[in-house]
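Order of the sequence lines fixes the chain letters, A, B, ..., with proteins taken first and strands second; residue numbering starts at 1 for each chain. Just so it is clear, the values below take in all heavy atoms, side chains as well, and ignore hydrogens, waters and symmetry mates. Note that this is a predicted model, so its numbers are computed, not measured.
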Protein chains: 2
Amino acid sequence: MKRITITDIAKRAGVSKGTVSAVINGKNTVRAETRNLVTSVMKEMNFRPKGMARNLKQKNTDKSIGLIVRDLMNPFFTSVAIGVKDYANQKGYDVFITSSENDHEREVKFSQLFSNKDIKGAIISPIVEGSSEIEHLFKLKMINYPFVLLEDVRGIQANVVSIDNVKAIKIAVQYLIDNGHTKIVHFAGDPISSHSLERIEGFRKAFSECSLSCTHEMIVTIGSIYETAFINAIQFFKNRSRDQHPTAIVCFNDQQALAVLDAAIQFDLQAPDDISITGNEDIAFARLFPVPLTTIHAPLNEFGMKAAEILIRNIESPTLLPVENLVLDANFIIRKSTKQLNS
Amino acid sequence: MKRITITDIAKRAGVSKGTVSAVINGKNTVRAETRNLVTSVMKEMNFRPKGMARNLKQKNTDKSIGLIVRDLMNPFFTSVAIGVKDYANQKGYDVFITSSENDHEREVKFSQLFSNKDIKGAIISPIVEGSSEIEHLFKLKMINYPFVLLEDVRGIQANVVSIDNVKAIKIAVQYLIDNGHTKIVHFAGDPISSHSLERIEGFRKAFSECSLSCTHEMIVTIGSIYETAFINAIQFFKNRSRDQHPTAIVCFNDQQALAVLDAAIQFDLQAPDDISITGNEDIAFARLFPVPLTTIHAPLNEFGMKAAEILIRNIESPTLLPVENLVLDANFIIRKSTKQLNS
DNA sequence: TATACTCTTTGAACCGTTTCAATAAAATAA
DNA sequence: TTATTTTATTGAAACGGTTCAAAGAGTATA
């Protein structure tokens with residue numbers, strides 16, 4: 001089935017391609033009668049002009065960048081997206097957001113689509129699970145396509161903006177230790193997620209830097225979304241008697257922390273009196289939780305803005321720029337879900 | 001400043017365009033030496049092949065649709081986006097999301113960009129404030145570009161999927177009246193928003209259908225986002241003595257309801273005992289509020305899916321299809337923020 | 001040495017529009 | 001009636017790549 005082109009329309013209407021083009025573009029040089037004829041033929045044949053061909057000849061001055069997140073629903077990415085958008089808009093760029101839904105195939109496809117669609121550059125939150133495939137990134141480099149990663153990917157030299165997850169968790173744990181907690185547990189996110197692994201590393205580091213030991217049982221993987229985390233947290237509490245419970249739990253993220261808060265209540269453990277709980281990421285609702293959440297505030301907006309800044313700098317540079325690597329610090333926000341342990 | 005093209009690279013490297021093209025596309029027919037030469041020239045000149053030109057000749061089989069929301073942060077749109085994405089993916093389409101940020105210019109620009117970038121169709125949540133400008137929609141019709149609106153726009157015949165806001169609020173008010181409430185107030189959203197106006201209409205209708213009168217003071221505009229709603233709600237409660245307070249408040253949306261809940265507490269009004277409060281939209285967090293929120297559940301996922309369904313049907317149809325107009329019902333979910341009034 | 005292959009590279013044709021100088025037709029002026 | 005202007009239409013060139021038959025250069029084979 002062949003595509004219908006402007007030539008088909010011209011032929012059928014008995015006019016030239018130029019005239020059809022003029023009608024499409026609403027030029028006022030075409031006679032009403034001709035316009036009607038052409039329009040009706042277009043309708044009849046359901047003709048849709050091919051945008052790419054139009055753009056080829058036209059000056060195509062549009063400025064746009066693409067963003068590939070891993071999960072649309074995740075407030076983390078929403079906040080980052082806002083940052084990207086704000087900076088980009090300010091510089092006159094529009095943002096196209098897509099979600100890989102943690103599917104590597106999609107990430108690959110999108111990175112291609114962006115350049116095919118003349119989107120000038122991309123900010124990519126890459127899926128990194130162990131041995132990540134990165135040939136699509138090499139392809140982008142080959143065509144000098146500007147892009148910024150939101151996470152470090154081994155094996156490729158590229159612009160990266162990331163948040164120091166290790167440090168962030170370390171500070172939270174430090175705080176708990178300083179406040180007399182020793183029975184601290186870390187609820188990890190998803191086993192394959194690099195975010196999760198980094199946070200586990202931060203948890204471990206905090207202990208080793210205080211010359212305390214961090215045992216295997218102190219890290220429990222319960223998942224990153226509310227529903228699964230809730231179920232697993234219930235299981236966790238059920239499996240031990242009251243005096244076996246930790247005095248503090250360091251959660252992977254805020255949604256998980258909420259689930260833990262809710263699960264704990266079912267076992268009559270009220271934060272912060274019976275148990276201290278910290279979140280991570282400081283999503284918008286964190287301060288509105290039943291117990292306002294002590295959490296780690298990642299500068300998500302700034303995160304997005306910085307990525308956009310680097311990207312646009314690269315887009316606008318006539319020469320190839322050296323890669324940048326920027327690590328942002330998170331900061332700890334003390335609300336009501338943690339307290340000093342009475343000794 | 002002229003664009004660097006493949007011809008420039010070919011000339012500089014002393015090879016033909018065809019060879020450069022082969023290098024770009026990683027064809028293995030190119031001698032290593034030649035490949036290196038070309039690659040280095042490409043780097044040196046920071047050459048970025050124009051995607052649209054590439055796609056013109058290639059078979060370009062990519063299937064993608066665009067979504068224009070009005071506000072990225074709004075959970076309402078996030079849920080709709082998920083629905084769109086789910087249906088689209090299932091049909092093999094990718095989704096590009098953009099946000100007009102309630103700026104009409106942007107909406108216009110995006111609707112153009114989509115077709116220019118060979119995105120096959122668009123789902124648009126239009127900005128409708130009074131006399132809305134719609135020539136950009138007419139332009140889309142002119143080129144038979146498939147699109148679906150997420151709200152009715154006067155003056156144009158187009159595919160529309162919408163939610164029956166009027167009916168939704170009516171049911172909520174009905175419920176409150178049936179449960180003995182008479183001193184009911186509606187907190188409206190933003191004055192210009194058509195959603196807000198429809199909800200006000202629903203509020204009015206519920207009263208008139210019960211042959212009760214709905215006075216002007218029963219509708220108070222306090223805004224749709226948490227922060228402003230909170231401030232205005234505080235003001236509202238401050239302005240009247242305890243026995244003047246309504247026994248029930250019908251809120252514009254869930255975020256606003258949360259703000260009202262929080263503000264009410266400050267005046268020692270606890271839902272549902274001292275005051276009944278209903279939300280709208282049933283965002284994910286609504287059931288996790290301090291008091292689980294009685295609200296109106298809009299089938300947002302289905303909303304998005306239906307829009308995607310209609311859009312894709314139009315994209316894939318060889319002939320121009322008649323427009324569709326689909327209205328979805330919302331349903332009322334009773335949780336803990338409302339109760340029967342003791343008479 | 002001639003012949004057949006293989007490996008590289010070339011360059012013209014093509015993708016589907018827009019653009020614009022040239023032209024044709026119609027209207028107006030002389 | 002002819003010259004001039006205005007209005008509408010044409011068609012070839014251009015946009016920036018890809019494609020692929022054909023040619024050229026080496027190499028191995030007979």
Would you mind reading off the distance between A:Asp8 atom CG and C:dC15 atom C1', rounded to a whole angstrom?
14 Å

Nearest-Å distance for atom pair CG/P, residues B:Asn28 and C:dC7
10 Å

Salt bridge present between A:Asp62 and B:Lys117 (N-O < 4.0 angstrom)
yes

Measure up the B:Phe96 and A:Phe114 rings against each other and bin them: parallel (under 30°), tilted (30 to 60°), perpendicular (over 60°).
tilted

Sugar-phosphate atoms are those with a prime plus P, OP1 and OP2; base atoms are the rest. Using that split, label each nucleotide of nucleotides 16-26 of chain D B, S or - for protein heavy atoms under 4.0 Å, 5' to 3'.
BBBB-------

Is a salt bridge present between A:Glu101 and B:Lys85, judged by a nitrogen-to-oxygen distance below 4.0 Å?
yes

Would you tell me if any nitrogen or oxygen in the side chain of A:Thr34 comes within less than 4.0 Å of OP1 or OP2 on D:dT9?
yes

Taking only Lys NZ, Arg NE, NH1 and NH2, and the carboxylate oxygens of Asp or Glu, determine whether B:Arg70 and B:Glu107 approach each other closer than 4.0 Å.
no

State whether B:Ser16 places a side-chain N or O below 4.0 Å from either non-bridging phosphate oxygen (OP1 or OP2) of C:dG11.
no

Check this for me: does any side-chain nitrogen of one of A:Glu316 and A:Lys91 sit under 4.0 Å from a carboxylate oxygen of the other?
no

Thinking salt bridges, do A:Lys109 and B:Asp94 make one under a 4.0 Å N-O criterion?
yes

